[in-house]
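Along the sequence shown, residues carry numbers from 1.
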Amino acid sequence: MNEGVVYAIRHVSGQQYVGSTTRQKQRRKEHWGALRSGNHGNSRLQAAWSQHGEVSFEFVILERVAERTSLIVREQFWMDATRAAGLEFNMSLAAKRRECAPHSAEHRAKIS
């Protein structure tokens, strides 16, 4: 299956973190697990979560993408759109693939 999604972790203020994945349910669990434990890799998102709590956030699908090869392009589009509006939590200016390098056993244990 080549389908993927561009998603956002959206705060009630409108600020959002944009990402993409071919593993939608698993990716949400990974983010929520890291945020709940206070160990998310994105310090801006973690700080907002810690200050406002889980009830202030939602995981939303911004776009379904038919071909995996288009995911990064579409993620970048959404990152640029939110940045232009001053609503981003993303710390990097460029979209990049996480799935290229598998997690270490230690990292998988942390996020489980």
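Rounded to the nearest 0.5 Å, atoms CZ (Arg44) and CD (Gln15) are 9.5 Å apart. One distance of note links NZ of Lys29 with NZ of Lys25; it measures 8.0 Å at 0.5 Å rounding. Note: Met79 CE to Gln16 CD = 11.0 Å, rounded to the nearest 0.5 Å.
Here the shortest heavy-atom pairing between Ala8 and Leu62 reads CB-CD1, 3.8 Å. Annotation for Asn42 and Tyr17: closest pair ND2-CD1, 3.6 Å, computed over non-hydrogen atoms. Across all non-hydrogen atoms, the minimal contact from Glu75 to Ser20 is OE1-OG, 2.6 Å.
Taking the six-membered ring for Trp and thresholds of 30 and 60 degrees, Trp32 and Phe59 have ring planes more than 60 degrees apart, a perpendicular arrangement.
Hydrophobic clustering (side-chain heavy atoms under 4.5 Å, transitive across Ile, Leu, Val, Met, Phe, Trp, Tyr) groups Ile61 together with Ile9. Residues Val73 and Val6 do not share a hydrophobic cluster, defined by chaining ILVMFWY side chains whose heavy atoms lie under 4.5 Å apart.
In terms of modelled atom types and a separation under 3.5 Å, the side chain of Gln46 and the main chain of Leu35 share a donor-acceptor contact.
Glu63 meets the salt bridge (Lys or Arg N to Asp or Glu O under 4.0 Å) test with Arg74; sequence neighbours excluded. Considering only residues two or more places apart in sequence or on other chains, Arg36 meets the side chain to side chain donor-acceptor pair (under 3.5 Å) condition with Glu54.
The distance between the ring centers of His31 and Phe57 does not fall below 6.0 angstrom.
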*Step by step, would you call Glu3 with Gln24 a side chain to side chain contact (heavy atoms under 4.5 Å, CB included)?*
CA-CA 10 Å; Glu3 184 181 73; Gln24 175 184 337; over 6 Å; no
